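Reading through the structure tokens given below for one structure.
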Amino acid sequence: MIHITFPDGNVREYEAGVTALDIARSISEGLARNVLTAKINGEVWDATRPINLDSNLELLTWNDPEGKATFWHSSAHLMAEALEALYPETKFGIGPPIDMGFYYDIDTGDRQITLEDLSLIEAKMKVLLEAKSEYQRREVSKKEAISYFNEKQDPYKLELLNDLKDGSITFYQQGNFVDLCRGPHLPDTSKIKAIKLTNVAGAYWRGDEKRKMMTRIYGITFPKQKDLTEYLEFVEEAKKRDHRKLGTELELFMFSERVGAGLPIWLPKGAALRSRMEEFLKNEQLKRGYAPVITPHIGKKELYVTSGHYEKYGKDSFQPINTPREGEEFLLKPMNCPHHCEIYSHKPHSYRDLPIRIAEFGTVYRYEQSGELHGLSRVRGFTQDDAHIFCTPDQLKDEFLGVLDLTKLVLNKLGFDNYTAQISLRDPENKEKYIGSDENWEKAEQAIIDATKDVGLETVVVLGEAAFYGPKLDFMVKDALGRSWQLGTIQVDYNLPERFELEYIGSDNASHRPVMIHRAPFGSMERFIGVLIEHTAGKFPLWLSPEQYAILPISDLYLDYAAIVQEELAALGLRGTIDSRTESIGRKIRDTELRKVPYMLIVGEKEQTTAQVSVRRQGEGDKGNMTVKEWADQILAEIK
RNA sequence: GCCACUGUAGCUCAGCUGGUAGAGCAGCUGAUUUGUAAUCAGCUGGUCGGGGGUUCGAGUCCCUCCAUUGGCUCCA
């Protein structure tokens with residue numbers, strides 16, 4: 001008999017050789033039905049693998065990330081089985097689970113798999129499901145494994161085998177399909193109830209662009225048909241909110257082939273929206289002791305040689321601009337910090353001057369590979385809400401607190417209330433990879449951790465993810481659809497003060513090196529607004545809305561009254577338009593709804609005689625009549 | 001940058017195997033003066049992404065460049 005310990009501390013006795021599935025069945029049939037895999041002493045195992053020693057056991061279902069991963073991994077094998085049945089010449093690469101679903105990289109030789117083939121493969125998978133094949137695990141020797149794939153002529157699997165140690169190699173088989181695989185897998189294919197193959201794309205073998213481009217087929221599966229339906233609805237909703245589509249429809253921004261790829265052009269409505277966000281932050285920064293500065297869009301190559309950016313990124317950037325006579329080389333600025341370092345060093349500083357906080361909405365240009373460009377989220381020219389704080393090591397924590405507070409304010413003001421912070425610290429095993437003294441690193445890392453604790457921010461600490469020049473904190477923001485985005489960032493930097501030989505005179509009358517904090521609550525205005533559009537589906541918070549209301553007169557007869565209403569509202573700082581077209585009220589409402597103007601004020605005979613407006617909220621409908629004053633008070637309160 | 005897909009009017013899209021372009025919406029003009037998501041009629045609008053080629057003839061076939069989309073790789 002062996003002892004099995006459950007997560008709640010309970011211990012039960014079972015015969016040696018019992019499986020996780022048996023144990024689940026001993027508890028309840030329902031549980032057994034839901035078990036996908038199990039964690040045995042922290043390692044994820046097949047639910048059907050015999051347990052021979054005393055163990056800790058955690059049963060995993062669809063609700064556990066490992067359960068889902070196993071489910072999708074097994075689904076990838078099922079897809080491979082279908083592919084092999086349909087196209088026997090297929091060679092297989094790897095087929096792992098991913099965040100949402102799975103993929104398999106395959107080489108089909110001359111035969112091209114296209115989107116149209118997916119439904120055929122999907123159908124084949126469904127046929128194979130009927131066999132309810134078990135996923136059978138088998139330990140094999142390296143020699144046996146090599147001879148199997150030699151015979152099958154699968155060069156990719158042979159290459160993978162090369163890197164594996166004899167004695168740790170397992171095969172999994174379901175139906176006629178055998179794969180080299182560490183596992184674990186589902187008990188059998190019957191758990192898979194809904195299948196959708198979503199995409200086909202190219203992917204380099206082992207991610208190496210010098211190697212062969214394979215065909216990657218993406219898919220997703222679920223234990224219930226309903227889950228698939230929900231997933232498809234989610235995808236549909238995401239498509240509707242796509243900032244590229246909404247940006248065009250709402251006339252916020254555009255791109256032009258003639259201006260160039262990846263260079264967003266802000267249209268009046270988008271520019272108004274963005275300016276309001278910038279004004280908001282500028283005001284907050286003034287309150288917090290930041291000094292606005294302005295620096296040029298280009299800088300001499302030597303500036304970036306000094307900062308070290310040239311060495312690291314020079315070849316992969318926009319190439320230098322040359323002066324025609326002197327042949328001097330200038331680079332489009334990829335960052336604002338070198339310019340800001342020059343501002344710091346334009347005069348000597350006393351410790352009494354610190355911290356010095358300089359801020360700039362600085363537009364930077366980075367050469368992104370053409371295939372990487374994507375709407376506003378990945379561009380070649382963008383504006384950072386950049387600021388650099390130069391302070392003493394002792395001031396670091398307070399400065400960090402101030403920045404955290406500001407970033408939280410910014411996110412909340414923009415309607416993001418679901419976010420966490422990722423703290424990236426250095427790899428304690430590899431301290432020599434980083435610049436700066438041990439003492440300073442420890443101080444900085446502790447400052448970040450303490451500061452986040454002080455403001456009660458939920459954090460994840462990742463070791464080894466720090467930049468070589470300092471630890472950092474990134475805000476991970478969840479949008480309305482539950483998708484995570486990395487937006488604002490705060491980075492501590494020991495490197496640039498060193499390279500630019502920045503100094504201050506301390507109370508001991510000796511010169512010291514300041515610490516630098518880079519921070520950008522929005523990150524990039526472009527990217528942030530892209531996320532904001534998708535988060536709000538284009539229905540921006542009222543204070544940002546390019547058009548807060550539209551007055552819709554029932555007919556031309558009420559245009560004069562509409563103008564009076566508009567004047568009254570303008571005096572209160574509210575902005576809006578009058579739809580003076582000779583159109584039916586139904587038409588005006590429809591057009592205004594589609595423009596996502598938050599409020600419609602309908603005025604006709606009734607309103608004119610009572611000095612009221614009929615209020616309609618976008619997406620919600622009629623809110624009834626009230627006086628202009630009543631409505632304005634309500635709106636001004638909403639904006640606050 | 002690499003692989004694949006796509007590029008036709010301001011927008012969304014149709015145009016079979018080659019026979020010199022079509023719809024809806026938008027826009028313009030006129031009529032309609034309208035009560036909570038599309039009033040009606042007429043009209044304008046395209047060197048079919050750019051360039052080159054094959055052909056008697058190219059939106060359609062071939063080459064090339066540009067851009068978009070989905071991936072790969074990368075991201076100070």
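Computed from a prediction, not measured in an experiment: that's the story for all the values here. Naming convention: chains lettered A, B, ... in sequence-line order (proteins, then strands); numbering from 1 in each chain.
With sequence neighbours excluded, no residue forms a salt bridge (Lys or Arg N to Asp or Glu O under 4.0 Å) with A:Arg590.
OP1 or OP2 of B:U33 has not a single side-chain nitrogen or oxygen of A:Thr582 nearer than 4.0 Å. Dashed line: the shortest gap from a side-chain N or O of A:Tyr367 to OP1 or OP2 of B:C74 is not under 4.0 Å. Residue A:Arg216 has a polar side-chain atom (N or O) positioned under 4.0 Å from OP1 or OP2 of B:C72. Within the structure, every side-chain polar atom (N or O) of A:Tyr204 is placed at least 4.0 Å from both OP1 and OP2 of B:C74. Taking side-chain N and O atoms only, A:Arg244 has a distance below 4.0 Å to OP1 or OP2 of B:G70.
Summarising the local packing, CG of A:Asp99 is surrounded by 12 or fewer heavy atoms from other residues, nucleotides or ligands at distances under 6.0 Å.
Look at the P atom in both B:U29 and B:A67: the space between them is 38 Å, to the nearest Å. With both ends at atom P, the span from B:G15 to B:G7 equals 11 Å, rounded to whole Å. The C1' atoms of B:U60 and B:G1 are separated by 31 Å, rounded to the nearest whole Å. Annotation: B:A4 and B:C65 have their P atoms spaced 13 Å apart (nearest Å). Between the P atoms of B:G35 and B:G24, the separation comes to 27 Å (whole Å). Taking atom C1' on both nucleotides, B:A9 is separated from B:A26 by 11 Å, rounded to a whole Å. Nucleotides B:C16 and B:G49, compared at atom P, are 14 Å apart to the nearest Å. A gap of 7 Å separates the C1' atoms of B:C5 and B:U69, to the nearest Å.
On a pure distance criterion of 3.5 Å, a polar donor-acceptor pair joins the side chain of A:Arg378 and the base of B:C75. Applying the 3.5 Å distance criterion, the base of B:A37 shares a donor-acceptor pair with the side chain of A:Glu593.
In summary, A:Arg216 and A:Asp105 engage in a salt bridge, as defined by a charged side-chain N under 4.0 Å from a carboxylate O.
Using a 4.0 Å heavy-atom distance criterion, A:Lys588 is classed as making no nucleic acid contact. Nucleic acid contact for A:Glu583: base, since at least one base atom lies under 4.0 Å from a heavy atom of the residue.
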